[in-house]
Amino acid sequence: MDHSAVQSQGSMSSISTSQTLNAHGATSSGKTPEFVNHGLLLWNQTRQQWIGNKKDEIRPKQVLEPRLSWNATYESLLGSNKRFAQRVPLAEMVDFLVDIWEQEGMYD
């Protein structure tokens, strides 16, 4: 969260309805009201509902078996426009492509 978001969340106070503003934006007590970014507060509240409280969820990282066969070739994987039988994690696909490119001298 950036500095302005923290600052706005910390300033939840606003002027009471009994106070009035003069022509210069000051209250009848002479103090300028503290700015409250209500849009940011609402956005943060809505975002919290979307993502939930991830701090409470501590999931151990599962060690997954590689999805790509150790003897897969570029042609066998990418030579057609067929979908893969299962999703291939991005990191695994990048590793595969870098290995192929290094073997072919395309990635130095």
Side-chain angles (χ1 to χ4, degrees):
M1 191 179 310
D2 66 20
H3 179 68
S4 61
V6 172
Q7 195 173 31
S8 293
Q9 282 186 335
S11 60
M12 304 269 284
S13 65
S14 62
I15 54 175
S16 70
T17 54
S18 63
Q19 293 178 332
T20 57
L21 298 177
N22 65 19
H24 301 290
T27 62
S28 55
S29 64
K31 294 183 180 177
T32 304
E34 186 176 352
F35 174 75
V36 177
N37 188 338
H38 294 286
L40 178 62
L41 294 174
L42 179 62
W43 184 88
N44 283 326
Q45 182 182 20
T46 304
R47 181 177 182 275
Q48 221 26 62
Q49 291 171 355
W50 291 336
I51 64 172
N53 193 355
K54 299 288 185 189
K55 292 177 185 172
D56 293 342
E57 297 177 22
I58 299 174
R59 288 184 253 154
K61 289 220 175 204
Q62 297 177 355
V63 177
L64 301 174
E65 291 296 318
R67 303 277 171 97
L68 300 176
S69 171
W70 64 271
N71 61 353
T73 65
Y74 187 89
E75 249 337 282
S76 69
L77 287 179
L78 304 171
S80 72
N81 60 355
K82 289 183 188 176
R83 289 179 166 255
F84 293 113
Q86 52 186 318
R87 292 181 180 199
V88 178
L90 179 61
E92 190 174 337
M93 182 56 78
V94 168
D95 288 342
F96 169 78
L97 291 172
V98 168
D99 289 344
I100 296 291
W101 294 335
E102 284 176 341
Q103 289 172 9
E104 294 179 0
M106 297 171 65
Y107 187 78
D108 290 322

| task | For the pair Glu102 (side chain) and Met106 (backbone), establish whether a donor and an acceptor sit closer than 3.5 Å, ignoring hydrogens and angles. | result | no
| request: State whether the number of non-hydrogen atoms from other residues, nucleotides or ligands found under 6.0 Å of Gln86 atom CD is greater than 12. | output: yes
| field | Results of side-chain contact (heavy atoms from CB on, under 4.5 Å) for Trp70 - residues two or more places apart only | value | none
| Side-chain contact, heavy-atom cut-off 4.5 Å: Leu41 with Asn37? | no
| Which residues satisfy the side-chain contact (heavy atoms from CB on, under 4.5 Å) test with Ser80, sequence neighbours excluded? | Lys82
| request: Verify the cluster assignment for Leu78 and Trp101: are they in a single hydrophobic cluster under the rule of side-chain heavy atoms below 4.5 Å apart? | output: yes
| query | Linking I/L/V/M/F/W/Y whenever their side-chain heavy atoms sit closer than 4.5 Å, directly or via other members, would Ile51 and Leu42 fall into one cluster? | reply | no
Check residues 87-97 and write down every donor-acceptor pair under 3.5 Å in which the side-chain atom is one partner and the other belongs to a residue at least two apart or another chain.
from	atom 1	to	atom 2	distance (Å)
Glu92	OE1	Arg67	N	3.1
Glu92	OE2	Arg67	N	2.7
Glu92	OE2	Leu68	N	2.6

| remark: Sequence neighbours excluded, the answer for side-chain hydrogen bond (donor to acceptor under 3.5 Å, both in side chains) partners of Ser69 is Asn71
